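Computed from a prediction, not measured in an experiment: that's the story for all the values here. Below, read A as the first sequence line, B as the second, and so on, with proteins coming before strands; counting in each chain starts at 1.
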Amino acid sequence: MRILARMDTIIRDLHRHVGHPVTIKGWLYNRTDKGKLVFMQVRDGSGICQAVVFKRDVDEATFETALRLPQESSLIITGEVRADPRAPGVPSGFEIGVRSLQVVQRAEEYPITPKEHGVDFLMDHRHLWIRSTRQWALLRVRATVMRAIRQWLDSNGYVEMSTPILTPSAAEGTTNLFEVGYFDQKAYLAQTGQLYNEANIFAFGKVYCFGPTFRAEKSKTRRHLTEFWMVEPEIAYCDLEHLLEIEEQMVSYIVHTVLTENQNELKVLGRDRSKLEHITPPFPRITYDEAIAKIKELQAQTDDEEQKQLLDITWGMDFGSPHETALTQLYDKPLFVTGFPSAVKAFYMEPYPDRPEVCKSADLLAPEGYGEIIGGSERISDPELLLKRIRDQGLPEEAYRWYIDLRKFGSVPHSGFGLGVERTVTWICGTEHIREAIPFPRTIYRLYP
RNA sequence: UCCUCGAUAGCUCAAUGGGCAGAGCACCCGGCUGUUAACCGGGGGGUUACUGGUUCGAGUCCAGUUCGAGGAGCCA
């Protein structure tokens, strides 16, 4: 009998070991048998490969074990790697001819089968669902997206600054926040780190924060989570035009990093790569005024009464999701909409000098109806104007004292944006629902598991 | 908060006009040397979400409750 070398190999790299023995430590994803053959699909976190147990190659006890092993049992297998076009897997085309099999734990009956399941059931079993191929692929893409964001920012001179998650008051005054007890005071979970980053730029020039943010909105749609991850770059000496260039560079870098590094994952997801390959700067730019005109045009063209109703809009209103969807379907790249009415945006956005009713703001809308993935703006740099805006909106002036201070000691034009990680992942993966783009989603009716 | 839809075996679903609660998958047993959600034969498995009502009889009809999903609004 041949002595098999023991070495740890990961499934993703099997192609490098054809003709050689390998040891894989993983879990049994699925199994089927045919007489003297047992086909096992084995996962190890990096991929899935087929392991074939042939009765003549192993002792009787090993064959019997393979034949009876329940789904999701943990196991260590050793055998020779073969290239075989019949072999399924991620990546496919390689399999292991099993010589030895060690069961680490024989699993109990596993609730999630390779058959179909309902959303409610899967969400209740999210802790197990993440093992399924599709979820595995999505979450690996998410990890790439987050890594690409850091890589791009770090290599372009941005300094990562952690901003507080426990905050004393509403940062923007626009959204509902989660209230938590803070000794004898009340605190709120952060909805943004932006205001703190505006302090950070005066120390570091270009900064970003990257972490979870919280919104207590009772949103009940496929685009919303109550806890989601956002990266927020903030740049000193930066106007809106410059900001848009930064955004399109970064988003393009993220997309192309995923295209390069997650080929297997995109294949599992059935994502059409041609929808992503042309995502390169520049992205189209339209103004809010132009967007309103386009939406009205689309509204006039449709015969669907319900759609006509949903697309109804007048100048001054913020976009609803039907408007965003209709707009983005006109383009095959992410779309910048600039110059929103100041009244529908946050208090700190710089108005246009010749037209103060609109502000230097820009949303980036992902194509294929995925909607807003970035909100950004140039910030007000004049302390007097900022104070006026705070007063006009009825915000607690005292809470913003430090923020106004920033404009008194070397104020400069500056801009920043926030990119929602899960929305970006949902778009890049071409998937239906944002809840699959984060390991353990928090939505209005879900806090378990 | 509003609108729509749903809850039956572990899972996905079916059950004619109110008349014996069923199938596929999963699980267990048997067969097969290339399965791709294998296939073939056999087996066990039910508080029909909950509460009440109508009826000789309710999974089915009525009222309420709970939980969930999709959408709107809100928001990124």
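If you check C11(B), G68(B), C32(B) against the side chain of Tyr445(A), the one that comes closest is G68(B). Checked against G73(B), A26(B), G68(B), the side chain of Ser219(A) finds its nearest nucleotide in G73(B). Across G70(B), U12(B), A26(B), the shortest atom-to-atom separation from the side chain of Thr113(A) is found for A26(B). Side-chain proximity of His117(A) to the nucleotides C75(B), C11(B), U33(B) is greatest for C11(B). The side chain of Lys218(A) approaches U1(B) more closely than any other nucleotide in the set A69(B), G34(B), U1(B). Closest contact between the side chain of Leu37(A) and the listed nucleotides A72(B), U33(B), U35(B) involves U33(B). Of the candidates G31(B), U35(B), G71(B), U35(B) carries the atom nearest the Gln41(A) side chain, counting heavy atoms from C-beta on. Checking C75(B), A72(B), U35(B) against every side-chain atom of Thr32(A), the shortest atom distance belongs to U35(B). Closest to the side chain of Phe121(A), from the set U33(B), U12(B), C74(B), is U12(B). Nearest nucleotide to the side chain of His224(A), out of G68(B), C29(B), C75(B): C75(B).
In Lys294(A), the NZ atom is not crowded: 12 or fewer heavy atoms of neighbouring residues, nucleotides or ligands sit closer than 6.0 Å.
C11(B) and A26(B) have their C1' atoms separated by 7 Å, given to the nearest Å. Here the separation of U47(B) from A9(B), taken at their P atoms, is 9 Å to the nearest Å. Comparing the same atom, P, in G64(B) and in G43(B) gives a spacing of 46 Å after rounding to whole Å. Spacing of C1' atoms, U8(B) relative to U60(B), comes out at 11 Å, to the nearest Å. Nucleotides G22(B) and G59(B), compared at atom C1', are 12 Å apart to the nearest Å. The same atom, P, is picked in U55(B) and in G10(B); the two are 34 Å apart, to the nearest Å. Spacing between U66(B) and G44(B) at atom C1', rounded to whole Å, works out to 33 Å.
Nucleotide C67(B) has G6(B) as its partner under the Watson-Crick or G-U criteria, with both atom distances under 3.5 Å. Pair assignment for U1(B): A72(B), on the basis of Watson-Crick or G-U wobble contacts that are both within less than 3.5 Å. Under the Watson-Crick or G-U wobble criterion, with both distances below 3.5 Å, C32(B) has no partner in any strand shown. In this entry A14(B) has no Watson-Crick or G-U wobble partner, no candidate having both defining distances under 3.5 Å. In this structure, A21(B) forms no base pair with any nucleotide, since neither Watson-Crick nor G-U wobble geometry is met with both distances under 3.5 Å.
Contact check for Tyr370(A) versus Thr328(A): no side-chain heavy atoms found under the 4.5 Å cut-off.
Residue-to-nucleotide contacts include no donor-acceptor pair under 3.5 Å from the side chain of Asp120(A) to the base of C67(B). Below the 3.5 angstrom threshold, one finds no donor paired with an acceptor across the side chain of Lys115(A) and the base of A26(B).
Taking only side-chain nitrogens and oxygens, Arg68(A) comes nearer than 4.0 Å to OP1 or OP2 of C29(B).
What separates CZ of Arg223(A) from P of C74(B) is a distance of 12 Å, to the nearest Å.
Remark on RNA chain B: of its neighbouring residues Thr226(A) and Gln50(A), the 5'-side contact belongs to Gln50(A), judged by nearest-heavy-atom nucleotide.
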